[in-house]
Amino acid sequence: MTEGPCYTIINSPELSEVYNEMKLKKDLEQREDENLQIETLKKVIKLLLNGERLPGLLMTIIRFVMPSCNHTIKKLLLIFWEIVPKTTPDGKLLQEMILVCDAYRKDLQHPNEFLRGSTLRFLCKLKEPELLEPLMPVIRDCLDHRHSYVRRNAVLAIFTIFKNFEWLVPDGPELIANFLDSQQDMSCKRNAFLMLLHADQERALNYLASCLDQVNNFGDILQLVIVELIYKVCHANPTERSRFIRCIYNLLNSSSNAVRYEAAGTLTTLSAVPTAIKAAASCYIELIVKESDNNVKLIVLDRLVAMKENENMERVMQDLVMDILRILAAPDIEVRRKTLTLAMDLVSSRNIEEMVLVLKKEVSKTHNIEHEDTGKYRQLLVKTLHSCCIRFPDVAATVIPVLAEFLSDSNEQAASDVLIFIREAIQKFPSLRGLITEKLIESFPAIRSVKVHRAALWILGEYVNTAKEVLQVIEAVNQALGEVPIVEAEQRKLLGEAVNDEHRDDSTKPAVTKVTSDGTYASQSAFSVVPIVKKEKNPPIRQYLMDGDFFIGAALAASLTKLVLKYTALESDNVSRNRICASVMLTLSSIVHLGRSGFATKPITNDDADRIFVCLRTLSERSPEITEIFEKSCRDALAKMLEAHYEEDQQTQKDKRNKSAKIQPDDPISFAQLSNGKENVLGENLFESSLNQALAGTKPTTLLDIASPNNKLNKVTQLTGFCDPVYAEAYVHVNQYDIVLDVLIVNQTGDTLQNCTLELATLGDLKLVERPHAVVLAPHDFCNIKANVKVSSTENGIIFGNIVYDTSSTNNVVVLNTIHIDIMDYIIPATCTDTEFRQMWQEFEWENKVSVNTTITDLHDYLKHLLKSTNMKCLTPEKALSGQCGFMAANMYARSIFGEDALANLSIEKSLDAPDATVTGHIRIRAKSQGMALSLGDKINTTQKAAQQKVTAA
């Protein structure tokens with residue numbers, strides 16, 4: 001079955017009432033009531049769109065509706081004549097269409113320019129040459145009309161007719177070329193030039209060559225067509241580049257942003273000269289800076305990122321890093337994130353100092369501006385400066401003082417990122433340890449977060465190297481902790497408040513006379529006033545301990561123990577050593593006493609108490625084994641962790657580079673001396689590739705594609721049985737935001753099926769865009785019907801329905817099998833940092849816990865099976881998962897194409913005593929939406945059942 005051409009989409013809801021053709025005919029004959037004719041004509045159009053034929057209304061509309069001069073009726077008639085069947089079943093033109101043709105010949109000669117123009121636009125949609133041939137002289141005459149609206153639509157009509165039926169207008173290119181020379185209106189020139197571009201490129205090139213100096217003065221719509229022509233001509237014949245490359249350079253300065261964008265893209269594909277690449281990149285940067293729409297900024301940024309992927313272009317773009325950083329003036333956080341990532345990829349030792357200066361200015365700006373995304377922007381700046389210092393150690397000395405100010409920031413995440421940087425820098429750059437510890441000691445009293453305090457204590461305890469610095473750190477800790485012993489100090493404070501209360505009760509104050517709101521008098525004495533107790537603010541570490549957070553007490557104990565051991569090795573005076581040691585032991589025992597006294601909000605945990613007792617024992621005994629652990633093993637563990645992170649990053653970059661081999665083993669070798677100059681000079685044709693992508697023809701089919709589970713044949717769903725009178729099967733083609741159902745319907749009976757309709761309904765976050773039209777199936781005939789379903793979120797969906805058809809005697813219904821939409825079509829693996837994972841884990845409120853039910857006996861095999869079936873990426877490093885210990889825990893992450901995040905934590909175990917025992921445990925899934933969490937859990941359960949059924953069948 002071939003579908004007729006359609007250019008107009010009309011939302012036609014279900015008709016609530018059954019139509020009566022005689023009533024429709026009677027309403028259309030009411031010439032006096034134009035409103036009734038309009039409503040009836042609309043109803044007829046909707047019926048035609050729903051598959052009705054209505055042949056009896058054709059002559060009625062010609063006699064009673066077409067003579068009307070009402071503009072609304074004229075518009076509706078254009079739609080009606082577009083969709084109405086114009087031929088008999090054997091393909092011959094209906095006799096009535098001769099009258100229609102005569103009517104439109106009169107409309108093309110109408111004095112109203114709007115009526116002429118709209119009729120010309122309608123003629124572009126006709127596919128019947130018998131209707132167009134009598135109108136050709138009138139269409140030609142419209143090229144000389146006084147109004148530009150008529151002239152430009154006449155050009156489009158001639159272009160379409162020439163493309164479809166060249167014999168109707170054999171001199172079309174010559175006619176339009178003469179028309180182009182005499183025109184001044186830009187829209188007319190654009191349409192004429194567009195026709196020459198597709199119909200006769202030689203004439204288009206001659207015209208362009210004759211007016212190359214005037215291109216900058218043309219309108220933007222004409223300039224866009226000129227850019228397209230230059231690209232196609234130069235791609236087909238690279239020797240023409242020198243002729244038109246200057247024109248493209250000039251269009252980079254056009255007043256239209258669209259023209260500049262297209263010209264820059266064309267320039268990068270036509271020329272690999274550094275000046276051309278620099279000019280195009282600079283044009284993109286200017287567009288981003290001056291354009292206010294964030295979507296446009298992101299699109300153009302993606303073009304810059306794509307340019308950076310080319311090695312030759314990347315070298316040229318390294319000089320434009322400072323220009324790229326101008327984009328940071330944009331307020332959108334996503335634009336800033338992409339800009340910083342791009343700048344970090346391009347920065348080199350030549351401009352790193354300038355980039356750091358710009359970033360330091362941006363850091364200072366964030367202190368004065370309070371915005372919704374200011375905290376996130378600070379984090380981005382901190383991470384970027386961190387990367388700068390690790391890649392270019394020479395700038396670390398200037399960056400560390402700036403970042404140290406963030407330690408007192410109210411944004412805990414930014415302060416934590418600073419400490420992560422400081423921890424890495426102090427380990428990798430021994431020459432900067434003195435500067436880092438000095439700044440850390442200065443900032444220590446201003447820190448507000450318990451996490452930041454904990455990490456700062458660890459760094460100071462590990463890397464302070466002189467006796468003077470040890471004393472400074474211990475003094476700073478004592479100031480942050482307050483008076484010790486803590487319990488006795490708190491008891492004295494409470495006792496002092498009680499004494500003050502007694503004095504306040506004993507002291508009698510004279511009564512004061514007050515005037516109340518109603519004018520009466522009242523006396524007020526000290527006994528009638530509620531005393532206001534001023535709560536004294538504790539030092540930060542003391543407040544953490546009073547709130548029951550004794551984990552920082554354990555961290556403090558470990559750091560102070562390291563400091564005492566270092567001081568003992570550095571200081572020769574026994575009195576000083578013993579004094580410091582006794583002071584620290586008093587502090588540690590005071591923390592344990594506070595944890596068990598009941599003064600704190602929560603008691604100390606056994607783990608924290610045991611850790612502090614180990615530190616006390618270490619200070620009292622100082623055995624060589626424990627001392628070595630405190631002095632060396634901790635730092636070695638950090639070095640190994642940083643080395644593992646570095647190796648992982650290097651491996652990731654290596655995988656990206658090796659993702660696709662540049663030259664395959666069986667690729668042909670191209671010799672420049674033997675080539676004709678056209679091959680390998682330019683990249684692939686962008687217009688052709690974008691068209692292929694739009695038509696979903698992204699790559700040729702190979703043998704591997706046929707065997708792939710994503711192959712088209714593997715996505716065919718059988719909807720009815722082979723014994724049903726109507727057999728149906730559907731191919732489910734999933735695009736990004738919609739699903740196309742290509743349904744094959746086969747009439748297996750010897751009867752003609754009238755009004756065969758595919759009725760569909762959806763369950764879940766799916767929406768049927770339009771109802772499929774009814775068809776007529778001859779005996780043993782078949783047809784394809786397409787239906788579009790819109791998808792708006794990542795959830796499992798179900799499409800169900802039936803096929804309804806009429807035979808000569810009865811109405812029949814065939815119920816269809818349900819189509820399940822797989823969530824995996826919308827989920828792609830993604831990556832995030834451990835900190836981001838934890839933050840999202842805390843924020844996401846929907847959790848789905850799935851029990852492991854499998855026949856797999858190996859922990860690593862189950863993890864691979866889970867990652868393959870859920871499209872998730874394992875965030876836990878490979879080294880952390882290596883080995884066999886009978887237990888495995890791993891974090892997984894994925895994102896949907898709608899921007900939804902999905903987190904999963906796998907906790908599985910297996911008895912080492914029983915080699916054949918299956919894996920047990922559970923998977924916890926967290927997502928922002930309930931549908932995402934439930935759908936992912938359902939997918940895991942389904943794959944587990946499928947794996948079990950395969951094993952059972954085997």
Taking [atom1] in [X] as the centre, count heavy atoms belonging to other residues, nucleotides or ligands within less than 6.0 Å. Is the count above 12?
{"X": "Phe392", "atom1": "CZ", "value": "yes"}
{"X": "Lys360", "atom1": "NZ", "value": "yes"}
{"X": "Glu353", "atom1": "CD", "value": "no"}
{"X": "Asn606", "atom1": "CG", "value": "no"}
{"X": "Lys928", "atom1": "NZ", "value": "no"}
{"X": "Glu878", "atom1": "CD", "value": "no"}
{"X": "Arg391", "atom1": "CZ", "value": "yes"}

Is any side-chain heavy atom of [X] closer than 4.5 Å to a side-chain heavy atom of [Y]?
{"X": "Leu385", "Y": "Phe421", "answer": "no"}
{"X": "Glu362", "Y": "Arg378", "answer": "no"}
{"X": "Lys493", "Y": "Glu483", "answer": "no"}
{"X": "Leu457", "Y": "Val473", "answer": "no"}
{"X": "Leu545", "Y": "Phe550", "answer": "yes"}
{"X": "Leu340", "Y": "Lys383", "answer": "no"}
{"X": "Leu863", "Y": "Met892", "answer": "yes"}
{"X": "Asn891", "Y": "Trp841", "answer": "no"}

Compare every heavy atom of [Y] with every heavy atom of [X], then report the nearest pair and how far apart it is.
{"X": "Pro445", "Y": "Ile441", "answer": "CD-O, 3.5 Å"}
{"X": "Ala933", "Y": "Ala927", "answer": "N-CB, 3.9 Å"}
{"X": "Trp846", "Y": "Ser929", "answer": "CD1-C, 3.5 Å"}
{"X": "Thr854", "Y": "Ile856", "answer": "OG1-N, 3.1 Å"}
{"X": "Leu881", "Y": "Ala890", "answer": "CD2-CB, 4.2 Å"}

When rounded to the nearest 0.5 angstrom, what is the spacing between CG in Leu936 and OG1 in Thr870?
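One finds 6.0 Å between CG of Leu936 and OG1 of Thr870.
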Using a strict 4.0 Å threshold on nitrogen-to-oxygen distance, state whether [X] and [Y] make a salt bridge.
{"X": "Glu836", "Y": "Arg895", "value": "no"}
{"X": "Arg542", "Y": "Glu490", "value": "yes"}
{"X": "Lys562", "Y": "Glu462", "value": "yes"}

Ring geometry between Tyr862 and His865 (parallel below 30°, tilted from 30 to 60°, perpendicular above 60°)
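Tilted.
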